[in-house]
Amino acid sequence: MDIVESVLNLAVQNPAEEDFSAADLTWTKFGTAEHHDEVALIPYDRVDAFIIGECSNPECPTRFHIERGRKRARGTLKDYKTDEYLEYKLYWCSFGPENYGEGGGVLPSRKYRLNTRNRAARPQSMRGCTCHFVVKRLYARPSQALIIYNERRHVNKSGFVCHGPLDRDAIGPGAKKIPYICNEIQQQTMSMIYLGIPEENVLEKHIEGIQRYCGSNPKANSLASQYVHKLGMIIKRSTHELDLDDQASIRMWVERNKKSIFFYQDSSESDAFILGIQTEWQLQQMIRFGHRSLIAADSTFGIKRLKYPLCTLLVFDSRQHALPVAWIITRSSAKPDVAKWMKALLGRASSVEPGWKISGFLIDDAAAEIDPIRDIFGCPVLFSLWRVRRSWLRNIVKKCGNIEVQREIFKRLGEIVYSIWGGVNTLSALEELTHDLVDQTAFIQYFKASWVPKIEMWLSTMRALPLASQEASGAIEAYHVKLKAKLFDDSHLGALQRVDWLVHKLTTELHSSYWLDRYADESDSFQNVKEEYIASTSWHRALQIPNSSVTVDDKDHLFAKVSSQKDNNVTRIVWNPGSEFAFCDCAWSLQGNLCKHVIKVNMICENREGYQPSMSFRAFKELLTSLWKKPMDDSVGLDLSIAWVHQMLDQIKHLVELDSSKTIGTVVNNMPLKWVSKKGRTSIGIPSSVLALPSSSKSGSNNAVARKKSQKRKRLSRLR
């Protein structure tokens with residue numbers, strides 16, 4: 001076969017069949033003598049027909065997913081070759097790439113993808129198939145597509161057929177005929193089983209997922225029933241104890257789950273134990289929701305009850321709910337150790353999305369190391385008050401029996417926190433507080449022992465760092481409450497000192513719960529799950545309360561009343577309205593939580609005179625004021641401050657426009673041109689006045705495309 005060096009010498013092939021495959025095309029060697037590929041040229045609008053034909057191969061029926069993709073706009077290239085792409089997509093057989101599984105034995109994908117040694121009744125989807133091809137939409141001729149077939153055979157690296165009727169190593173009765181089960185269906189089924197949903201409901205949803213790929217089939221339904229039952233039995237019989245020794249058990253788990261670990265350091269005389277866990281799904285969510293956005297830390301969870309404290313990194317999803325994207329299990333908070341796992345986490349994200357960057361990092365512990373965050377992530381650090389507020393309120397309610405005393409103490413503590421901008425002497429304020437509450441012995445003893453020695457450190461951190469909003473604090477607290485309910489169940493109290501139990505609990509039940517929440521919301525299925533997920537934060541529940549249900553005492557500003565939506569005879573009273581330290585008499589608030597009534601009342605008070613602004617807004621205002629006050633003379637420092645302020649104002653303007661706009665198109669069209677480099681210019685324009693805004697009309701769309709393309713394994717069924 002002669003080698004063709006130009007696409008112009010290839011004939012466009014357009015088979016008459018509705019769907020066609022590689023067997024219906026004539027393939028030509030394209031390239032040079034040293035490097036060439038087998039290619040075929042077809043109309044671009046027939047690409048879907050070609051992919052469907054390839055999926056219908058009777059010897060190896062499969063599906064192809066988009067493993068990688070790139071795209072460029074018209075007019076971006078001045079000089080280009082005949083095979084340059086306008087769109088580039090790499091399609092890979094969905095029975096590949098290879099799954100290295102547990103220990104790397106022969107055909108590791110013949111097991112369920114669970115932490116168990118039990119064999120499945122059928123082979124699983126990741127079987128090492130190397131079949132893949134590239135589709136290029138030509139830059140010079142967008143109506144045509146160049147197909148480059150890198151490997152046409154459905155074989156593994158050893159050259160053996162690895163799926164379909166010709167796969168001799170298929171395990172179990174009917175394994176060669178069983179319908180294809182993609183990762184999404186498998187994860188959905190596992191999540192439902194972990195959450196205790198009845199098997200009949202699990203089977204119904206499982207069959208619905210399979211029918212999206214192979215249609216209705218009585219044989220497939222029967223096999224699906226066996227699959228769900230078998231999977232349920234394996235999950236019920238699975239155990240976290242891979243070894244009686246906890247340390248040995250963790251080593252075994254790490255060896256078997258390398259894809260879910262971004263950092264591991266075993267304990268020794270010189271090194272502290274550190275285990276960083278992040279599943280592939282969590283990595284996708286971190287890249288998707290963390291880019292140019294915020295990451296928050298729920299740190300030091302279980303410091304008194306667990307063997308090693310747990311730190312969770314959270315992003316805020318499309319509904320601004322806190323979504324766990326990484327778990328770090330360690331007792332060490334030393335700067336070198338924190339820097340190790342932070343570098344590993346950032347490196348993992350950057351390897352998938354090179355331009356990935358966060359805009360801010362929220363901490364909730366005044367003792368947390370800030371330098372590694374600034375050095376590694378290169379972003380501002382914010383402080384969330386939720387942990388301080390929750391700790392104080394819980395202990396006030398627990399140690400003081402009179403509700404009037406409770407709200408007075410909480411109000412006084414809030415005034416001490418608010419005084420960080422007023423120059424009030426903290427020690428004098430604390431002495432006055434303890435003198436006035438001398439009869440509240442239990443609380444005063446707790447406060448002197450736990451907070452007085454370190455309260456100056458906490459107040460200094462609040463004074464030095466920008467403060468997070470109530471919405472962010474409420475979202476972090478909602479995750480904390482859910483995590484506590486999952487881990488500190490009475491049935492698990494005996495296992496709290498084992499790390500393998502904690503890892504098992506996080507990667508099964510908790511991970512499945514959040515996966516199903518996101519899946520239900522994005523696919524508009526599992527309506528009960530979706531409704532519970534949407535209403536899981538106090539901020540969202542507060543938005544459901546109409547303004548007419550809130551009555552505010554505008555005269556003395558002492559309290560506000562919120563009428564119940566379920567029972568008109570019930571009214572909640574919120575004392576000290578307009579403050580983060582407002583006190584509500586509802587049951588949820590008395591447990592130490594930030595309740596919907598407090599948030600709703602504070603929303604109302606923001607727009608009324610006589611109420612102080614929120615602490616997050618006050619911190620923002622102080623930051624702007626400090627920038628304005630710094631240059632007292634007509635110097636270069638004044639110019640620099642003006643530049644900083646204008647930069648922030650421009651960014652705020654664009655963020656507000658983006659948040660209030662109903663369509664992204666209007667925002668993009670109004671963005672100014674931004675000069676980048678000579679090669680990247682597409683039209684004549686003036687330089688943008690935006691100094692650091694990361695997204696112009698071009699770069700914003702490119703970032704959006706990059707985020708979209710990072711979501712791999714897009715199924716062919718979405719194209720139909």
Side-chain angles (χ1 to χ4, degrees), residues 191 195 282 285-286 289-290 293-302 310-327 360-365 382-394 397 467-489 505-506 509-522 526 528-545 562 572 574 580-582 584 586-603 614 616:
S191 298
L195 297 177
Q282 287 179 307
Q285 305 310 305
M286 186 178 78
F289 295 114
S293 188
L294 302 173
I295 282 186
D298 174 17
S299 55
T300 64
F301 177 88
L310 172 67
C311 173
T312 305
L313 297 188
L314 306 159
V315 295
F316 299 97
D317 62 17
S318 54
R319 295 188 181 275
Q320 305 306 327
H321 290 11
L323 184 67
V325 292
W327 292 296
F361 198 106
L362 273 67
I363 62 171
D364 59 0
D365 185 3
L382 289 79
F383 185 78
S384 174
L385 295 168
W386 79 270
R387 186 178 295 277
V388 180
R389 184 189 188 280
R390 178 181 174 83
S391 177
W392 287 354
L393 182 56
R394 284 178 54 125
V397 174
L467 300 181
S469 64
Q470 285 192 88
E471 183 179 12
S473 298
I476 300 171
E477 185 181 73
Y479 166 78
H480 181 88
V481 171
K482 184 174 182 176
L483 178 64
K484 188 174 181 180
K486 288 284 185 184
L487 295 186
F488 293 160
D489 190 337
K505 200 76 173 176
L506 294 174
E509 290 186 30
L510 193 65
H511 183 277
S512 297
S513 175
Y514 278 97
W515 185 94
L516 195 61
D517 285 345
R518 291 297 309 157
Y519 179 78
D521 187 41
E522 294 186 342
F526 301 99
N528 292 338
V529 175
K530 180 178 179 179
E531 291 173 3
E532 291 180 5
Y533 156 72
I534 293 175
S536 60
T537 65
S538 297
W539 181 273
H540 181 84
R541 294 193 294 269
L543 295 176
Q544 309 308 309
I545 301 176
V562 183
R572 299 299 179 188
V574 177
E580 273 85 345
F581 293 86
C584 180
C586 71
W588 185 248
S589 178
L590 293 178
Q591 294 176 23
N593 303 303
L594 181 62
C595 71
K596 61 182 180 181
H597 309 105
V598 169
I599 293 177
K600 184 63 181 181
V601 168
N602 288 351
M603 288 179 181
S614 66
S616 58

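Basis for what follows: all heavy atoms, side chains included, without hydrogens, waters or symmetry-related copies. Fair warning: this is a prediction, and the values are worked out from it, not measured in the lab.
For the atom pair L393 CG and L594 CG, the distance stands at 9.5 Å (nearest 0.5 Å). Note: R387 CZ to I363 CD1 = 11.0 Å, rounded to the nearest 0.5 Å. Rounded to the nearest 0.5 angstrom, F316 CZ and I295 CD1 are separated by 10.0 Å. Once rounded to the nearest 0.5 Å, the distance linking OG of S391 with CZ of R389 reads 12.0 Å. Rounded to the nearest 0.5 angstrom, Q470 CD and S384 OG are separated by 10.0 Å. K505 NZ to L310 CG: the interatomic distance, rounded to the nearest 0.5 Å, is 14.0 Å.
The backbone N or O of R541 sits nowhere less than 3.5 Å from a side-chain atom of K596 that would complete a donor-acceptor pair. In this structure, N593 contributes its side chain and W588 its backbone to a donor-acceptor pair below 3.5 Å.
Looking at every heavy atom in both residues, V397 comes nearest to L590 through CG1-O, 3.4 Å. Contact between L467 and S616 at its shortest, heavy atoms only, is O-CB, 3.2 Å. The two residues A475 and T537 come nearest to each other via the heavy atoms CA-CG2, 4.3 Å. Summarising the geometry of S473 relative to L385, their closest heavy-atom pair is OG-N, 4.2 Å, with the distance given to 0.1 Å. Between S318 and F289, the closest heavy-atom pair is N-CE2, 3.4 Å. When all heavy atoms of S299 and D365 are compared, the closest pair comes out as OG-CB, 3.6 Å.
Side chain to side chain, D317 and Y533 meet the donor-acceptor criterion of an N or O pair below 3.5 Å.
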Problem - Full working for ring pair (Phe, Tyr, Trp, His ring centres under 6.0 Å) between Y479 and F301 - result: CA-CA 11 Å; Y479 166 78; F301 177 88; 8.0 Å; no
Problem - Chi angles and distances behind the side chain to side chain contact (heavy atoms under 4.5 Å, CB included) call for R390, V481 - result: CA-CA 11 Å; R390 178 181 174 83; V481 171; 3.8 Å; yes
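Looking at R572 and V601, their side chains never come closer than 4.5 Å, going by heavy atoms from C-beta outward. Contact of the F526 side chain with the E532 side chain is not registered, since no non-hydrogen atoms from C-beta on lie closer than 4.5 Å. Between V529 and L195 there is no side-chain heavy-atom pair separated by less than 4.5 Å. Contact annotation: the side chain of H321 approaches that of S536 to within less than 4.5 Å [non-hydrogen atoms, C-beta and beyond]. The shortest side-chain heavy-atom distance between V325 and Y514 does not fall under the 4.5 Å cut-off. At least one side-chain heavy atom of L543 sits less than 4.5 Å from a side-chain heavy atom of M603.
The pair D517-K482 meets the salt-bridge criterion, with a side-chain N (NZ, NE, NH1 or NH2) lying under 4.0 Å from an Asp/Glu carboxylate O.
Under the salt bridge (charged side-chain N to carboxylate O under 4.0 Å, His left out) criterion, K484 pairs with no residue, sequence neighbours left out.
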